[in-house]
Amino acid sequence: MTILEELSRRVGDAFAEVGLESKFGRVKPADRPDLAQFQCNGALAAAKAAKQNPRALAEKVCDRLRNETAFKEVTIAGPGFINITLADDDLAGRLGAILEGDSLGGWQKPEPEKILLDYGGPNVAKPLHVGHLRAAIIGESLKRIFRFAGDAVVGDVHLGDWGLPMGQLITELKREQGDLVYFDAAVEGPYPVQPPVSLADLERLYPQASAACKADRTRADEARQATAELQKGRPGYLALWKHFVAVSRAAIEQEYEDLGVTFDLWKGEADAAPLIPEMAADFAGIGLIEDSDGAQVIRVESEGDNKKIPPLMLFKSDGGVTYGTTDLATIVDRVRSDNPDRIIYVVDQRQALHFEQVFRAADLAGLFAADRLEHIGFGTMNGKDGKPFKTREGGVLRLRDMIDMVTERALARLAENGLAEGYDAAETADIARKVGVAALKFADLSNPRTSDYIFDLDRFMAFEGKTGPYLLYARVRVRSVLAKAEAAGAGAPGAIAITAPEERALALVLLGFGDALRDAHEKRLPHLLCDHAFSLAQAFSKFYAGCRIADEADDTIRASRLALAAASGRQLELILDLLGIQAPARM
RNA sequence: GGUCCCGUAGCUCAGCUGGAUAGAGCGCACGCCUCCGAAGCGUGAGGUCACAGGUUCGAAUCCUGUCGGGACCGCCA
């Protein structure tokens with residue numbers, strides 16, 4: 001139980017004892033830290049419901065709370081706010097208790113679920129770019145948060161490996177090397193093991209093909225034709241396609257790894273493809289499919305909709321499938337292979353309507369209940385002009401270039417500040433990459449998931465204030481002071497004893513971890529955990545600035561402060577891990 | 001045209017199941033290293049919460065409208 005849950009229960013009980021609903025007992029951190037640590041505004045709402053005087057009512061509730069020894073002070077302010085301050089002994093006791101376990105006061109979910117998390121979506125033959133960044137970063141963090149809370153999570157990259165771009169690639173390659181065996185319809189294999197294209201070829205061919213199809217209708221038709229043939233299983237195309245996928249995947253996997261993002265499954269749209277005919281037959285069997293201008297669609301609108309939901313297109317008039325079709329078939333696949341309780345898609349907010357269609361169709365078909373399918377949408381990363389991020393040349397910025405950029409900046413900053421001096425080149429490079437990626441990831445994660453944000457490299461790389469490097473710096477200072485204490489024979493960390501205001505403030509923040517984690521989990525909002533991480537780093541920095549630790553003369557106080565520092569370090573390390581941010585040991 | 005999201009400090013953004021003096025970071029001004037890492041800490045200035053109505057004892061928060069910005073709206077994925 002988190003501290004707010006527990007306090008809410010106690011205050012709720014007090015409300016119940018005076019004949020009011022316990023829900024009014026909800027406690028939150030105080031808005032006025034100068035007056036108290038926690039507050040409950042329930043007396044006002046209760047008074048309204050019971051038509052009583054709020055102050056008198058608050059007084060009755062407070063009478064029940066004042067004999068709690070855990071509370072140092074319970075007061076009423078203004079029209080009926082109940083202000084609560086915990087006794088230092090109680091704070092110290094709570095802190096001691098959470099430090100005994102590995103979870104450090106982190107929230108554990110009462111009823112864990114098996115969750116399939118879909119947060120990749122890169123496309124074959126296209127390098128990862130900044131558009132993939134948010135899904136990867138947010139998804140990775142959610143995966144870690146879910147797992148820590150007790151959920152069993154399977155992360156799937158879900159490659160975009162089965163659409164029109166595949167046909168475009170095939171036709172583009174055919175124009176360049178039409179004599180390859182894959183294009184000879186008379187040959188049905190076997191085909192060469194060596195891929196006919198390199199990664200560089202793919203990354204060159206795809207933009208070419210895409211531009212050509214845009215400019216020339218004939219080329220577009222060719223690509224469409226090739227896509228349809230591939231999807232029908234033409235052997236040469238299938239073999240060629242497998243090479244495309246393998247070449248691409250190796251590169252994609254490496255880039256994700258550099259970001260600290262990993263997947264349990266490397267499935268793609270193509271894995272679901274074979275299930276489509278059977279699925280379509282099932283749908284047809286229950287009368288779900290309708291014909292519409294030659295296309296096969298599933299109508300998903302329902303009574304009471306206040307917006308129009310267009311039908312989901314299962315088959316286009318040329319017989320090809322759409323990504324709605326493959327998404328449905330993917331659900332079939334996931335039910336069969338993993339049978340999750342819940343499927344969560346971490347995908348750009350702009351695709352909300354698409355998921356609404358898919359979820360409704362899945363529900364109608366009896367495949368998966370719509371309330372266990374979640375689209376966790378996120379806003380776009382924009383440039384300083386407020387439009388989706390582009391390079392100065394107007395192109396898409398590759399993830400690889402982005403990582404290089406932040407690493408370079410970090411390296412420059414290290415040199416500027418005279419940090420990392422005397423470390424060897426390999427460690428310096430490693431620190432620079434970690435610091436740069438931490439800046440990037442924290443900047444992304446600390447924005448609320450659903451809103452767009454402006455990517456401003458100068459701001460993120462300033463490394464001051466609310467940034468990833470600030471957190472890493474706090475972490476490094478904890479390590480440093482503890483190492484110094486040990487070297488000086490300062491003794492072991494001991495029982496927490498609160499003597500200074502900075503210690504009290506730090507203790508309160510440390511105790512707030514459970515609530516931060518619960519909120520981040522339940523709302524799927526990692527930025528709430530970022531806020532806590534920043535508060536923690538701040539509280540530690542103030543504690544560090546205001547209190548002697550390693551060289552404190554009083555043995556009891558020194559032992560307590562060493563314990564506080566150690567606790568801060570451990571919790572910070574855990575949170576950084578939950579955010580998917582790697583921390584250097586020193587910097 | 002329809003649906004949805006957003007307009008809060010000079011800048012970038014929190015806060016929005018209504019509640020006390022609207023917060024943070026950056027930037028700006030001033031101060032703090034004979035003391036455990038100054039990428040740090042402290043103090044201060046800075047706001048008609050887009051605008052207009054409404055509901056309420058109480059509105060940045062809920063409702064309606066206006067203006068401004070953005071996203072999406074069956075044969076791309």
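No experiment lies behind these values; they were computed from the predicted model shown. A, B, ... follow the sequence lines: proteins, then strands. Residue 1 opens every chain.
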Can you find a side chain N or O atom of A:Y470 that sits less than 4.0 Å from OP1 or OP2 on B:A38?
no
Would you classify A:L414 as touching base, sugar-phosphate or nothing, given that sugar-phosphate means primed atoms plus P, OP1 and OP2, and contacts are heavy atoms under 4.0 Å?
base
Would you call A:D161 and A:R249 a salt bridge, taking side-chain N to carboxylate O under 4.0 Å as the test?
no
Would a 4.5 Å heavy-atom cut-off, applied to side chains only, mark A:V130 and A:F455 as touching?
no
Would you classify A:L35 as touching base, sugar-phosphate or nothing, given that sugar-phosphate means primed atoms plus P, OP1 and OP2, and contacts are heavy atoms under 4.0 Å?
base
If pairing requires Watson-Crick or G-U wobble contacts with both distances under 3.5 Å, which nucleotide is the partner of B:A38?
none
From the set B:C75, B:C72, B:C36, return the single nucleotide nearest to any side-chain atom of A:R350.
B:C72
Looking across every strand, which nucleic acid part, if any, lies under 4.0 Å from A:R26 by heavy atom: base, sugar-phosphate, or nothing?
base
Please tell me if A:R477 has a side-chain N or O lying less than 4.0 Å from either OP1 or OP2 of B:A38.
yes
Is the closest side-chain heavy-atom distance between A:L564 and A:F543 below 4.5 Å?
yes
Complementary nucleotide for B:A29 - Watson-Crick or wobble, under 3.5 Å
B:U43
Spell out yes or no: do the side chain of A:Q39 and the base of B:A20 have one donor N/O and one acceptor N/O closer than 3.5 Å?
yes
Atom-pair distance (NZ on A:K542; P on B:C32), nearest Å:
20 Å
Check this for me: does any side-chain nitrogen of one of A:E464 and A:R413 sit under 4.0 Å from a carboxylate oxygen of the other?
yes
Per A:K316 side chain, nearest of listed nucleotides B:G74, B:G19, B:A77
B:A77
Please find the pair of heavy atoms, one from A:Y470 and one from A:A537, that lie closest to each other, and give the distance.
CE2-CB, 3.4 Å
What nucleic acid atoms does A:L353 come within less than 4.0 Å of, heavy atoms only: base, sugar-phosphate, or nothing?
sugar-phosphate
Taking the side chain of A:E464 as its heavy atoms from C-beta onward, which of B:A77, B:C75, B:G40 lies nearest to it?
B:G40
Considering just the side-chain nitrogens and oxygens of A:R479, establish if one lies under 4.0 Å of OP1 or OP2 belonging to B:C36.
no
Listed nucleotide nearest any side-chain atom of A:K28, set B:A77, B:G19, B:C36
B:G19
Which nucleotide, in any strand shown, forms a Watson-Crick or G-U wobble pair with B:A22, with both distances under 3.5 Å?
none
When the P atoms of B:C49 and B:A60 are considered, how many whole Å apart are they?
7 Å
Please write out each protein N/O paired with an N/O of nucleotides 8-13 of chain B under 3.5 Å, distance rounded to 0.1 Å.
from  : atom 1 : to     : atom 2 : distance (Å)
B:U12 : O2'    : A:R459 : NH2    : 2.7
B:C13 : OP1    : A:I454 : N      : 3.4

Taking any heavy-atom pair under 4.0 Å as a contact, classify A:D161: base, sugar-phosphate, or nothing.
nothing
Indicate the atoms forming the closest heavy-atom contact of A:A226 with A:G167, along with that distance.
CB-O, 3.9 Å
Assign A:V321 to base, sugar-phosphate, or nothing according to its heavy-atom contacts below 4.0 angstrom with the strands shown.
sugar-phosphate
Which comes earlier along RNA chain B counting from the 5' end, the contact point of A:M313 or that of A:P79, where each point is its nearest nucleotide?
A:P79
How many whole angstroms separate atom CG of A:D31 from atom C1' of B:C16?
13 Å
Taking a pair as Watson-Crick or G-U wobble with both distances under 3.5 Å, which nucleotide is matched to B:A60?
none
Would you please confirm or rule out a distance under 4.0 Å between OP1 or OP2 of B:A39 and any side-chain N or O of A:Y473?
yes
Is A:S541 touching bases, backbone alone, or none of the nucleic acid, heavy atoms closer than 4.0 Å?
sugar-phosphate
Is it the case that A:N83 and A:E73 place a side-chain donor and acceptor less than 3.5 Å from each other?
no
For A:N83, which contact category applies under a 4.0 Å heavy-atom criterion: base, sugar-phosphate, or nothing?
base
Pair partner, B:U48 [Watson-Crick or wobble, under 3.5 Å]
none
For the side chain of A:T322 and the base of B:C75, is some donor closer than 3.5 Å to an acceptor across the two?
no
Do A:I84 and A:Q39 have side-chain heavy atoms sitting under 4.5 Å apart?
no
In B:C73, glycosidic geometry as syn within 90° of 0 or anti otherwise:
anti
May I ask you to verify if any side-chain N or O of A:K466 is less than 4.0 angstrom from the OP1 or OP2 atom of B:A39?
no
Classify the nucleic acid contact of A:D318 as base, sugar-phosphate or nothing, counting any heavy atom under 4.0 Å across all strands shown.
nothing
Write down the partner of B:C67 under the Watson-Crick or G-U wobble criteria, each distance required to be under 3.5 Å.
B:G7
I want to verify a distance call: between B:G74, B:C76, B:G25, whose nearest atom is closest to the A:L164 side chain?
B:C76
Considering only B:G74, B:G19, B:C75, which nucleotide approaches the side chain of A:S317 most closely?
B:C75
A:E203/A:K126 ion pair, N-O < 4.0 Å
no
Compare the minimum distances between each of B:G37, B:A39, B:C36 and the side chain of A:V476, then state the nucleotide with the smallest one.
B:G37
I'd like to know if the side chain of A:E503 pairs up with that of A:T499 as donor and acceptor (distance under 3.5 Å, no hydrogens or angles considered).
yes
As its Watson-Crick or G-U partner within any shown strand, both distances under 3.5 Å, B:G1 has B:C73
Face-to-face stacking of A:Y544 with B:G40, centres under 5.5 angstrom, angle under 30°
no
What one should report as the nearest heavy-atom pair of A:G25 and A:V11 is O-CB, 3.6 Å
Heavy-atom nearest nucleotide on RNA chain B for A:Q231 versus A:A30: which residue maps closer to 5'?
A:A30
Base, sugar-phosphate, or nothing for A:G160, non-hydrogen atoms under 4.0 angstrom?
nothing
Donor-acceptor pair present, A:K48 side chain and B:G58 base, under 3.5 Å:
yes
Taking atom types as modelled and ignoring hydrogens, do the side chains of A:Q225 and A:E229 form a donor-acceptor contact shorter than 3.5 angstrom?
yes
Expressed as a whole number of angstroms, how long is the span from A:Q349:CD to B:U3:C1'?
13 Å
Rounding to the closest angstrom, what is the interatomic distance between B:A77 and B:C67 at atom C1'?
36 Å
Scan A:C530 against the nucleic acid and name what it touches under 4.0 Å (heavy atoms): base, sugar-phosphate only, or nothing.
nothing
For A:E552, report the nucleic acid contact type (base, sugar-phosphate, nothing); a contact means any heavy atom under 4.0 Å.
nothing
Hey, does the side chain of A:Q538 come within less than 4.0 Å of B:C41's phosphate (OP1/OP2), counting only N and O?
no
